[in-house]
Novice: 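Pasting in a structure now, in structure tokens, and then I'll have a few things to ask.
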There are 4 protein chains.
Amino acid sequence: MTKPAKTFENLPDEKRERVLAEATREFADHGFHQASVNRIVNRLGIAKGSLFKYFGNKEGLFEYLFGHAVAEFKKPLKAIRDNGTGDFFDRIEQTFLASGAFVDAHPNIYRIYLKMLFNERFPLRERFLGEIRKAHAKFLRQLIEDGKKRGDLPAGLDAADAVFILHSTMDRFLQGYAVPSLDHGVEPTENTLHDKARAMTDLFRHGLGGSREG
Amino acid sequence: MTKPAKTFENLPDEKRERVLAEATREFADHGFHQASVNRIVNRLGIAKGSLFKYFGNKEGLFEYLFGHAVAEFKKPLKAIRDNGTGDFFDRIEQTFLASGAFVDAHPNIYRIYLKMLFNERFPLRERFLGEIRKAHAKFLRQLIEDGKKRGDLPAGLDAADAVFILHSTMDRFLQGYAVPSLDHGVEPTENTLHDKARAMTDLFRHGLGGSREG
Amino acid sequence: MTKPAKTFENLPDEKRERVLAEATREFADHGFHQASVNRIVNRLGIAKGSLFKYFGNKEGLFEYLFGHAVAEFKKPLKAIRDNGTGDFFDRIEQTFLASGAFVDAHPNIYRIYLKMLFNERFPLRERFLGEIRKAHAKFLRQLIEDGKKRGDLPAGLDAADAVFILHSTMDRFLQGYAVPSLDHGVEPTENTLHDKARAMTDLFRHGLGGSREG
Amino acid sequence: MTKPAKTFENLPDEKRERVLAEATREFADHGFHQASVNRIVNRLGIAKGSLFKYFGNKEGLFEYLFGHAVAEFKKPLKAIRDNGTGDFFDRIEQTFLASGAFVDAHPNIYRIYLKMLFNERFPLRERFLGEIRKAHAKFLRQLIEDGKKRGDLPAGLDAADAVFILHSTMDRFLQGYAVPSLDHGVEPTENTLHDKARAMTDLFRHGLGGSREG
DNA sequence: TATGAATGAGCCTTCATTCAT
DNA sequence: CATGAATGAAGGCTCATTCAT
């Protein structure tokens, strides 16, 4: 898939990373079409031709950097699945926290993801979103199956609905976490990642009605 | 705010609506900056100058069409607040349904909203998002207060957290509804608006654990 | 030459003058091509079509208003020729003062003239400049002839050179009077119209060398 | 100030000069706003983007070419001040001739200057006119001071008035020289630069009355 | 291999003029 | 007769991409 010219692979580590970081920032700031190759190379102080030699075109550059990021995207999930502790709901809470940590570590990648989500013209969108979605669904389905076996969840729970609910909630939870301007017009009493993850988990555990003292 | 030339107001209804529909489609397809006034006027078969006479510039066109839509955006909420029936959770379900109906009726407006959500450079973003957010928060806070009085919700429930949870969930529910490509890799047994709204409401009522037979 | 539609001639005096004043201002501010018919009609609050009905096109409007002004342009000269007093140099001084008075009375007309002077593309430029030039030359030649006869000027004085010198000096004198930003980097001890006219006249009388104490 | 891209500096001399010549011609023909970048690049046979790479925008192009010319503008003055011969009036005559030589060498630059003089909207007008005016005033004031010391001019002569008179006369002299259509309706017996410079100098020396047989 | 100058299609916007009402 | 909506050529400018050096 994502194969840049060997010339890029042969670059000194530091420069290679600077190129990717600067490009990632540009795509995160402006989306794909509005991102400017000019700005990227100007900030980097390299020739425009070089970037095109490395990646063929703008799309190739994007494919390379986002493809790499998607792999990173999946790692937190694998870690929970393999090393999670506690019951189903504890693991969900851990997933929330791990996702938040990823967003903290790679804010620009997450910003690109969010732009891609609703920009149907974003190149490679179907492929990348499909990949991410599939990984999430697979992870969540397995968590649900385990939860049913362990008795944390009713055996009759519809897995598809549950996946939808869990994925949606997590996604939106991260959206609000990554883009604080989406806050809801109420100054929350607690605004930390942990508190919100806990609130969401409580919701899954008990519903709003059973929420113990908020 | 959002005042087009009388020229536009005086247009025959049919043409006026065609202009708005075509422009809305363009913004929904491409976002603001990538939207092309050229494409709009070519599709409409009118002169480029006409559109600029109507709205002054591209931003004026957008301000007009989206500003009007935001007003529509708020109507379903008002209707629920004034005419809702049943307990708190019933009203939440009605809200889901009303929002879905809005998205059905104005899919392109909702697509613009979604693009605006994560595109920090979208003109008038702060103003419009703030307006929408405020309307939602006000509505939900009142619903929660009423729910507490009526005993549907525990008195100790933290309103801010609840608003966050409700708003987030609804928003993401609509995102998936409006952009089916965000489906979750599982073919849901039921995919209708009503079924999903019901599933979400059940979540709020009982949590995942208590979900009656899925 | 300058024949607007009767519809314009039939307008109420006040409106007719407002139209001309506003148009004159626009041409004075922006020259011909950069003047905007849109701005004119907007300021006037009349329909664009009306202006075109009155004058055919932008050039017709200009022809009408400037043609009328040129007639005014010539009046001060005639008055000096017919009613001037004193010797040749006194009459030159009177001419300076009369010209300054015209510029005071019709500043925008003079600003148009100045723009036209060096803008080879100004419509009707050849005709209007020729008309003005001819009037000036005729007037100055007659003044010189009279001066020679009266003995104020040497009989051998070359009339052509003298006309050139007088016209040039007056023109530039007015330029500096009309466009103060052309001042010369020295704060003049006296800056009034009368003082400068007197200084210029002294120059013609005695040269710089004989200038009595400046 | 006036810094084009290295791209432009690195061009082959011949092309660089053709670009400047063609652009200067366009500004001289049409002034700033009415000048067309399209026409310039079409005549040059280069891509529109290239010109914008060189100079950023239309104003940058103008700033570069006129700024450079202004430097040239000042050189004749310096040469007179340092190497002038004869009395005050001889030096004035030399100045006239040097200015005329500049206009001969750079007619389009002088045409731009004249357009700028009365076009209040000309970009960079204040800066450039100020620069030119200052250089002239400084030069003339020094000439006058020297003339007074040497006894060519009366000690009581008002320097400010004299600068005004000299500058105005020279400026208008050049205007007529550069734009022959401003001729004065009389076919002058002699029309060469030298003759007119001599006539102007005689005026300063003796006034019109003492002018020796024209 | 790295460079960066050249390209030209496409962008948004303005404006004199026309003409149906 | 006045109106003002419609027109569309032309304007300045941007930008991904190519290619000779």
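A, B, ... follow the sequence lines: proteins, then strands. Residue 1 opens every chain. All figures in this text were calculated on a predicted structure; none of them were measured in a lab.
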Novice: For D:E9 and E:dG4, give me the distance from atom CD to atom P, rounded to whole Å.
Specialist: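 D:E9 atom CD is separated from E:dG4 atom P by 16 Å.
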
Novice: Produce a footprint string for nucleotides 6-12 of chain F: one letter per nucleotide, 5' end first; B if the base is under 4.0 Å from any protein heavy atom, S if only the sugar-phosphate is, - if neither.
Specialist: BBB-BSB

Novice: Closest nucleotide of DNA chain F for B:N10 versus for D:E59: which of these residues is on the 5' side?
Specialist: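 Counting from the 5' end, the first nearest nucleotide belongs to B:N10.
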
Novice: Tell me, please, which residues at least two apart from C:P107 pass side-chain contact (heavy atoms from CB on, under 4.5 Å).
Specialist: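 So C:P107 forms no side-chain contact (heavy atoms from CB on, under 4.5 Å) with any residue.
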
Novice: Could you list all the salt bridge (Lys or Arg N to Asp or Glu O under 4.0 Å) pairs where at least one residue sits in residues 29-56 of chain B, not counting sequence neighbours?
Specialist: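 Pairs touching residues 29-56 of chain B that pass the test: B:E22-B:R43, B:E26-B:R39, B:E26-B:R43, B:D29-B:R111.
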
Novice: What does the 5'-to-3' dot-bracket notation of DNA chain F look like when only Watson-Crick and G-U wobble pairs under 3.5 Å count, and pairs to other strands show as |?
Specialist: .||||||||||||||||||||

Novice: Tell me every residue that passes side chain to side chain donor-acceptor pair (under 3.5 Å) with A:R16, counting only those two or more places apart in sequence or in another chain.
Specialist: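 Expected list: A:D13.
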
Novice: Could you state the NE2-C1' distance from A:H30 to F:dT14, rounded to the nearest angstrom?
Specialist: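 Rounded to the whole Å, the gap is 14 Å.
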
Novice: Return the set of residues passing side chain to side chain donor-acceptor pair (under 3.5 Å) with B:E72 (not counting sequence neighbours), or none when no residue passes.
Specialist: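 Side chain to side chain donor-acceptor pair (under 3.5 Å) check on B:E72 returns B:K75.
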
Novice: Determine the interplanar angle of the D:F32 and D:F27 rings, folded into 0 to 90°, and report it as parallel if under 30°, tilted if 30 to 60°, perpendicular if over 60°.
Specialist: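 Taking D:F27 first and then D:F32, their aromatic rings lie parallel (interplane angle under 30°).
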
Novice: With D:Q34, which residues qualify under side chain to side chain donor-acceptor pair (under 3.5 Å), at least two apart?
Specialist: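 Checked D:Q34 against side chain to side chain donor-acceptor pair (under 3.5 Å); zero matches.
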
Novice: Without decimals, in angstroms, what is the distance between A:N42 CG and E:dT3 P?
Specialist: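 My rounded result for the distance is 13 Å.
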
Novice: Grab the CZ-P distance between D:R16 and E:dA5 for me, whole Å please.
Specialist: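 Distance, rounded to whole Å: 14 Å.
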
Novice: For C:Y110, check ring pair (Phe, Tyr, Trp, His ring centres under 6.0 Å) against everything at least two apart and list the hits.
Specialist: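 With sequence neighbours excluded, C:Y110 shows a ring pair (Phe, Tyr, Trp, His ring centres under 6.0 Å) to C:Y113, given in chain and number order.
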
Novice: Please identify each residue that fulfils ring pair (Phe, Tyr, Trp, His ring centres under 6.0 Å) with B:H30, with sequence neighbours left out.
Specialist: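 Result, ring pair (Phe, Tyr, Trp, His ring centres under 6.0 Å) vs B:H30: none returned.
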
Novice: What's the CZ-C1' distance between D:F55 and E:dA5, to the nearest Å?
Specialist: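 It works out to 14 Å between those atoms.
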
Novice: Please state how far atom CZ in A:F27 lies from atom P in F:dC15, giving the value in whole angstrom units.
Specialist: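 That distance rounds to 14 Å.
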
